[in-house]
Novice: 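Below: one structure in structure tokens.
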Amino acid sequence: MSEDQKKQLEQQLWNIANTLRGKMNADEFRDYILGFIFFKYLAEKMELYANSILKEDGLQFRNIDDTTPEGAEYIAAIKEESLDKLGYFLKPNELFSEIAKRGNSDVEGINNFIIEDLQKILINIQLSTMGTDSEDDFDNLFEDMDLNSTKLGKTPDARNEIIAKVLSHLDKIDFKLEDTELDVLGDAYEYLIGQFASGAGKKAGEFYTPQEVSTILAKIVTTGKTKLKSAYDPTSGSGSLLLRIARQVKEVSNFYGQEMNRTTYNLCRMNMILHGVHYRKFDIKQEDTLEHPQHLGMTFEAIVANPPFSANWSANPLFTSDDRFSQYGKLAPSSKADFAFVQHMIHHLAENGTMALVLPHGALFRGGAEQHIRKYLIENRNYLDAVIGLPANIFYGTSIPTCIMVFKKCRENPEDVLFIDASRHFEKVKTQNVLREEHIDKIISTYRQRLEEDKYSKRATLAEIATNDYNLNIPRYVDTFEAEDSIDINAIANDIKALDTQIANTDKTIADFCKQLNIATPF
């Protein structure tokens, strides 16, 4: 698929999404359109897999009549195989295209009211997994899609009409699932999530990290590796960071994540499945990561995160005996959980692993408990590998400048910490600052080669950081000061005198004209 075709598909999906908008906000119609796309994906995947099983018998899945003994036997066999391979099952009459056609049928005798049946199908997808290995991965996936909500229309018929229209538009789009080399739908899904984020204001940060930042984090934690045993995101959002890691290596054996927001947790699981991540290869949990961690006892080779900036947390004194925090002697302040996330992630970092997370700049220089934790990480553990300053206004919902902190337990360069100031390297697009490919490449090449460049990067020794009392504010290490041109005071004074002379001459000329015209002078 060419770039133009890809953009055309993305625009088609966005136009269909706006069919649903009505009076709903971005959060609400996002859940519906992404849910419908996901249902279409599951149905098409189901049909492709079933047809591959039936190929030898010369049958098509959608043509099987499960009301006959022979048809029921075929369906039972396909269901067993499908639950093991795909993790779910759909009957022929539950396929997306069948529902879309019926909802838009004007043939007499065909009931085109599909809302009730569609709601049952979405529930049946979940029910088909009960008692199987995939049960947790499909549990309540469609719970945010209330097809009887008045937000879709005031009357049942109005709701049915808009839903049928959306399904019809989606049914006409070919997601090219047969081509396993392409991830057309995955790319389009990511595009839509990004579009919703751009219109969601402050809430966008709850579920989406801009692709440019995701790419930087993913490239950092995969440096020097082609395969990963595990990748983990403790604040997984829509899963975009984990999926970005997968693009940087040949294989990630397992993905792990935790997300507090229920709707975003559902979106993350959908996103993983839709990108072809097998249900056995991901383990996404829903809970507060700091208060109720779900992956204790596990370590991961690559860890990425974009935690909520300076969020509140309990900082309960009981956590001083928690293995994640006990060795530091102090907890992160209750009003700023930034370093609580750092401590949590380091606890889960494998000895050969790399972790990278986005934080507000305040985490680099604030005093008190945060300074104490920074000192412990650098002086006692020597885990801090790099600090990268990003431009302001690149995240949705906040214009503050941010940074990336990189940690390793076994550092290849234990004698210094690399500081990169990329805050001035961006392109302004409307009201948003954007990192282009060349900006990302410069950050990554500088990090991987640990290059020093005037006004851009510097390797600071541990002694130098200690001298700065573990203040990691980037300008302390990367001097970006631009000296202004020297000013010749005498030349300026002479210019002023010359101007005074010109003004006096002009005034005299005007006075002469006024005298000739026999009118008063203006001064």
Side-chain angles (χ1 to χ4, degrees), residues 20 24 27-47 49-50 61-62 64 66-67 72 75-76 78-104 111-153 155-168 170-171 189 259 261-274 279 282 284-286:
L20 268 175
M24 289 188 280
D27 281 350
E28 290 166 336
F29 81 96
R30 175 197 73 198
D31 297 335
Y32 285 103
I33 191 63
L34 293 180
F36 286 139
I37 292 172
F38 183 61
F39 169 40
K40 175 178 166 67
Y41 167 83
L42 292 180
E44 292 187 1
K45 197 80 173 175
M46 175 72 237
E47 186 171 16
Y49 180 65
F61 181 62
R62 66 173 54 241
I64 294 178
D66 63 351
T67 62
I75 292 298
I78 291 170
K79 180 176 182 179
E80 184 178 351
E81 293 286 332
S82 176
L83 287 174
D84 181 64
K85 179 70 175 179
L86 303 179
Y88 65 94
F89 176 72
L90 282 162
K91 295 178 182 178
N93 62 358
E94 294 177 329
L95 295 176
F96 183 94
S97 57
E98 294 297 311
I99 295 297
K101 287 172 186 173
R102 183 153 71 81
N104 290 276
N111 179 12
N112 63 4
F113 189 81
I114 58 170
I115 287 181
E116 291 180 1
D117 288 342
L118 180 55
Q119 195 83 64
K120 286 178 183 177
I121 291 170
L122 299 180
I123 293 171
N124 286 345
I125 292 173
Q126 176 194 333
L127 292 177
S128 74
T129 71
M130 297 292 282
T132 71
D133 292 343
S134 61
E135 181 177 351
D136 289 343
D137 301 312
F138 285 82
D139 181 45
N140 286 317
L141 263 184
F142 295 99
E143 66 181 341
D144 296 305
M145 292 179 64
D146 179 7
L147 303 184
N148 290 303
S149 170
T150 53
K151 290 172 183 175
L152 287 169
T155 66
D157 285 339
R159 294 192 286 274
N160 190 75
E161 183 180 350
I162 189 69
I163 290 171
K165 185 177 180 182
V166 169
L167 296 190
S168 176
L170 284 175
D171 193 40
Y189 211 68
E259 170 56 40
N261 181 281
R262 181 74 189 183
T263 298
T264 310
Y265 160 68
N266 290 338
L267 178 57
C268 182
R269 291 183 295 160
M270 286 185 188
N271 208 8
M272 299 298 286
I273 294 168
L274 197 138
Y279 70 89
F282 73 84
I284 309 296
K285 301 293 187 184
Q286 194 246 324

Novice: Can you confirm whether more than 12 heavy atoms, excluding those of E161, are under 6.0 Å from its CD atom?
Specialist: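 Count not over threshold, so no.
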Novice: Within this structure, what is the CZ-CG distance for the pair R30 and D144, rounded to the nearest 0.5 Å?
Specialist: 8.0 Å
Novice: Could you work out, with side-chain contact (heavy atoms from CB on, under 4.5 Å) as the rule, every residue matching E135, not counting sequence neighbours?
Specialist: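 E135 satisfies side-chain contact (heavy atoms from CB on, under 4.5 Å) with T129, M130 once adjacent residues are dropped.
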Novice: My understanding is that only residues two or more places apart in sequence, or in another chain, count here; which of them pass side-chain contact (heavy atoms from CB on, under 4.5 Å) with T67?
Specialist: D65
Novice: Which residues satisfy the side-chain contact (heavy atoms from CB on, under 4.5 Å) test with D139, sequence neighbours excluded?
Specialist: Q126, R262, R269
Novice: How long is the span from the CG atom in L267 to the CD1 atom in I284, to the nearest 0.5 Å?
Specialist: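 If I round to the nearest 0.5 Å, the distance is 11.5 Å.
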Novice: Report yes or no: does N93 contribute a side-chain atom to a donor-acceptor pair with the main-chain N or O of E98 at less than 3.5 Å?
Specialist: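 No, the answer is negative, given that no donor and acceptor are paired below the 3.5 Å cut-off.
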Novice: Taking side-chain hydrogen bond (donor to acceptor under 3.5 Å, both in side chains) as the criterion, tell me which of T132, D136, D137 meets it with S134.
Specialist: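 Exactly one option meets the side-chain hydrogen bond (donor to acceptor under 3.5 Å, both in side chains) with S134, and it is T132.
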Novice: To the nearest 0.5 angstrom, please state how far the CD1 atom of I33 sits from the CE atom of M145.
Specialist: 8.5 Å
Novice: Is there a side-chain contact between F89 and I78 in this structure, where contact means two heavy atoms from C-beta onward sitting under 4.5 Å apart?
Specialist: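 Yes, at least one pair of side-chain atoms sits under 4.5 Å.
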Novice: Hey, what do you get for CG (L90) to CZ (F61), rounding to the nearest 0.5 Å?
Specialist: 7.5 Å
Novice: State, to 0.1 Å, how close M46 and S82 come at their nearest heavy-atom pair, and which atoms those are.
Specialist: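 Answer, listing the atom of M46 first, then S82: SD-OG, 3.4 Å.
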Novice: Is it true that a side-chain atom of Y41 and a backbone atom of I273 form a donor plus acceptor pair closer than 3.5 Å?
Specialist: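 Here the side-chain-to-backbone pair exists.
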Novice: Checking side chain to side chain contact (heavy atoms under 4.5 Å, CB included) between I99 and each of I163, L118, N104, which is the one that passes?
Specialist: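 That would be L118; it is the only one of I163, L118, N104 passing the side chain to side chain contact (heavy atoms under 4.5 Å, CB included) with I99.
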Novice: Measure the spacing between CG of L141 and CD1 of I123 and express it to the nearest 0.5 Å.
Specialist: 13.0 Å
Novice: Say you draw a straight line from CD of E47 to OG of S97; how long is it, rounded to the nearest 0.5 Å?
Specialist: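 Rounded to the nearest 0.5 Å, the CD-OG separation comes to 6.0 Å.
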